[in-house]
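Since the structure comes first, as structure tokens, the remarks are kept for the end.
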Amino acid sequence: MTPVRVEVPYAWPTGEAEARALQERLRPLADHRGPGPAAPRLVAGLDVAYAGDGRGTGDLVAAAVVVIDTATHDVVERATATAATAFPYVPGLFAFRELPALVAALRRLEAVPDLLLCDGHGRSHPRRFGLACHLGVLTGLPTAGVAKTPFTGRHDPAALGPDRGAHADLVDGGEVVGRALRTRAGVKPVYVSTGHLVDLPTACARVLELAPRHRLPETTRQADHLSREALRAATG
DNA sequence: GCGACAG
DNA sequence: ATCTTGTCGC
């Protein structure tokens, strides 16, 4: 009844030090080798909407997962879940704030996506274990992160052309942690990084395919709309 | 020590 | 993230 099996074999951290230690422990479990899904049929987008400040604990949040058929870009399934945040917003510990609600929504899905696209970073993270990596390890599914602003890593501005498809590596501490990708000519790029079971070129190719007209991929846009809709339904 | 800091 | 008016452009 629950195709997407999500294993959470550890106690959820309550403090920042504990959360960081957990990321360090789980980091080696993320597989950034590829190539990963070259022709996925089902790609899911995930996002979370907040009520109130959106920075503290106890805030109501609504998570959404939208599965898209890459052949037609049609939405084939949607799932949502609401919850109260159990962790404050701390850069670098973002996953501990959004994962509970996202996992709950994923468990309500009937189909098993071939790839999960998260709203946030994967490897381009201070400890190389952003939300996309964490969700990948928990689900065992290929994941990648698509962020609207950079976090860890910088790219040479001159190396990023103005055309759609142009890209430049995000480098941090001498290693490539992600890529700035232009999905639309003359528009700010999105920041793509691997999460689990997919390599960077493949992840970028999937993001570009899913963003033929807008800056953000359809998966992210659909999930964003659905999460807000779910929050309205839960609030008013 | 200071600034920066995904959503 | 969320709160918000008008405005420029496809």
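It should be emphasised that the depicted structure is a prediction, and the values quoted were computed from it without experimental measurement. First the proteins, then the strands, lettered A, B, ... as listed; each starts at 1.
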Atom CG of A/L231 and atom C1' of B/dG7: how far apart are they, to the nearest Å?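 Nearest whole value for this atom pair: 14 Å.
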Can you name the closest pair of heavy atoms from [X] and [Y] and give their distance?
{"X": "A/A19", "Y": "A/L93", "result": "CB-CD2, 3.9 Å"}
{"X": "A/T80", "Y": "A/A64", "result": "CG2-CB, 4.2 Å"}
{"X": "A/R123", "Y": "A/E175", "result": "NH2-OE1, 3.0 Å"}

Please classify the nucleic acid contact of [X] as base, sugar-phosphate, or nothing, using heavy-atom distances under 4.0 Å.
{"X": "A/A51", "answer": "nothing"}
{"X": "A/D53", "answer": "base"}
{"X": "A/P126", "answer": "nothing"}
{"X": "A/D47", "answer": "sugar-phosphate"}
{"X": "A/L46", "answer": "nothing"}

Note: A/R27-A/E24 ion pair, threshold 4.0 Å (strictly below):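 Answer for the salt bridge query: yes.
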Side-chain ion pair, A/R108 and A/E77, N-O less than 4.0 Å: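 The answer is no: the pair does not qualify as a salt bridge.
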Using the side-chain hydrogen bond (donor to acceptor under 3.5 Å, both in side chains) rule, pick out the option among A/D114, A/T70, A/D69 that qualifies with A/R41.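 The passing option is A/D69.
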A/E98 and A/Y89 side chains, donor-acceptor separation under 3.5 Å: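 No, no side-chain donor-acceptor pair sits under 3.5 Å.
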Establish, with yes or no, whether the OP1 or OP2 oxygen of B/dA6 is under 4.0 angstrom from a side-chain nitrogen or oxygen of A/Y191.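 Checking A/Y191 against B/dA6: no side-chain N or O falls below 4.0 Å of OP1 or OP2.
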Below the 4.0 Å mark, does B/dA6 have OP1 or OP2 next to a side-chain nitrogen or oxygen of A/S124?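 Checking A/S124 against B/dA6: no side-chain N or O falls below 4.0 Å of OP1 or OP2.
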Where does the angle between the aromatic ring planes of A/F96 and A/H134 fall among parallel (under 30°), tilted (30 to 60°) and perpendicular (over 60°)?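 Aromatic pair A/F96/A/H134 classed perpendicular.
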For DNA chain B, the expected dot-bracket line (Watson-Crick or G-U under 3.5 Å, [ ] crossing, | inter-strand) is .......
Its contact letters, B for base, S for sugar-phosphate only and - for none at protein heavy atoms under 4.0 Å, make nucleotides 3-10 of chain C read --------
